[in-house]
Amino acid sequence: MLKTLKDLFDSLLSPESMAGVQGCGDDHAVQLAAAVLLVEVMRADDGLAVAERTAVRKALVEKFVLTPDEADRLADVAEGTARQATDLFAFTSRVDAWDMPRKLRMIELMWGVAYADGRLTDHERHVMWRIADLLHIPQGAYVHARMRAREAAGLAPESGATPDTR
């Protein structure tokens, strides 16, 4: 199984496609870790909506400058990996090495997955909180990323609701 995963990652991105792309010198393990975090947000919902799957793939294309086919393959591997994972630390520890702007963009992309189906469940909110905490995201930045993602999803601001508190 490990050889199969290695073969997949070797085929995902050629060195030529990575050349000159700032922030994409990360190894495949970091890409998989980020993909698993996105998938975990998708899996936190009661049902797997097509809109959420699409949001995961769009996030991967944006974050790692992948082709849609590469993003599909990475998301598929991430789904299998997420199903077998026992915790999030193995994945967040890799992403936590990023600088704060990259981590904040990742949190915003994860909020985008959570909002992709037009609603936010308590379980999605909890998964987001856990991931943000493991990534050492400041509370204010976490809330602002959520607000930006909600606005990008075309959803009205929450009326009368107080922002998440950890």
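Start at 1 with the first residue, then count along the sequence.
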Handout entry: Transitive ILVMFWY side-chain link V61 to L37, under 4.5 Å
Key =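 No, separate clusters.
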Quick check for you: to the nearest 0.5 Å, what is the distance between [X] atom [atom1] and [Y] atom [atom2]?
| X | Y | atom1 | atom2 | result |
| --- | --- | --- | --- | --- |
| R146 | E108 | CZ | CD | 13.0 Å |
| L74 | L66 | CG | CG | 6.5 Å |
| L135 | T92 | CG | OG1 | 5.5 Å |
| L32 | F64 | CG | CZ | 9.5 Å |
| L109 | L104 | CG | CG | 11.0 Å |

Exercise for the section: Could you tell me which residues satisfy side chain to side chain donor-acceptor pair (under 3.5 Å) with E79, sequence neighbours excluded, listed by chain and number? Expected result: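 Testing E79 for side chain to side chain donor-acceptor pair (under 3.5 Å), a comparison that skips the adjacent residues, returns R53.
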Quick check: closest heavy atoms across [X] and [Y], and the distance to 0.1 Å?
| X | Y | value |
| --- | --- | --- |
| A149 | G112 | CB-N, 3.8 Å |
| R119 | E124 | O-OE1, 3.6 Å |
| A82 | V39 | CB-CG1, 3.9 Å |

State, yes or no, whether a side-chain contact exists between [X] and [Y] at a heavy-atom distance under 4.5 Å.
| X | Y | value |
| --- | --- | --- |
| L38 | K63 | no |
| I107 | M128 | yes |
| L60 | V56 | yes |
| E70 | Q31 | no |
| M100 | I137 | yes |
| I131 | V127 | yes |

Charged N-O contact under 4.0 Å between [X] and [Y]:
| X | Y | result |
| --- | --- | --- |
| R148 | E151 | no |
| R57 | D69 | no |
| R130 | E40 | no |

Problem - Y115: ring pair (Phe, Tyr, Trp, His ring centres under 6.0 Å) partners, not counting sequence neighbours - result: W111
Handout entry: Residue of the set L134, T81, D96 for which side-chain contact (heavy atoms from CB on, under 4.5 Å) holds with F91
Key = T81
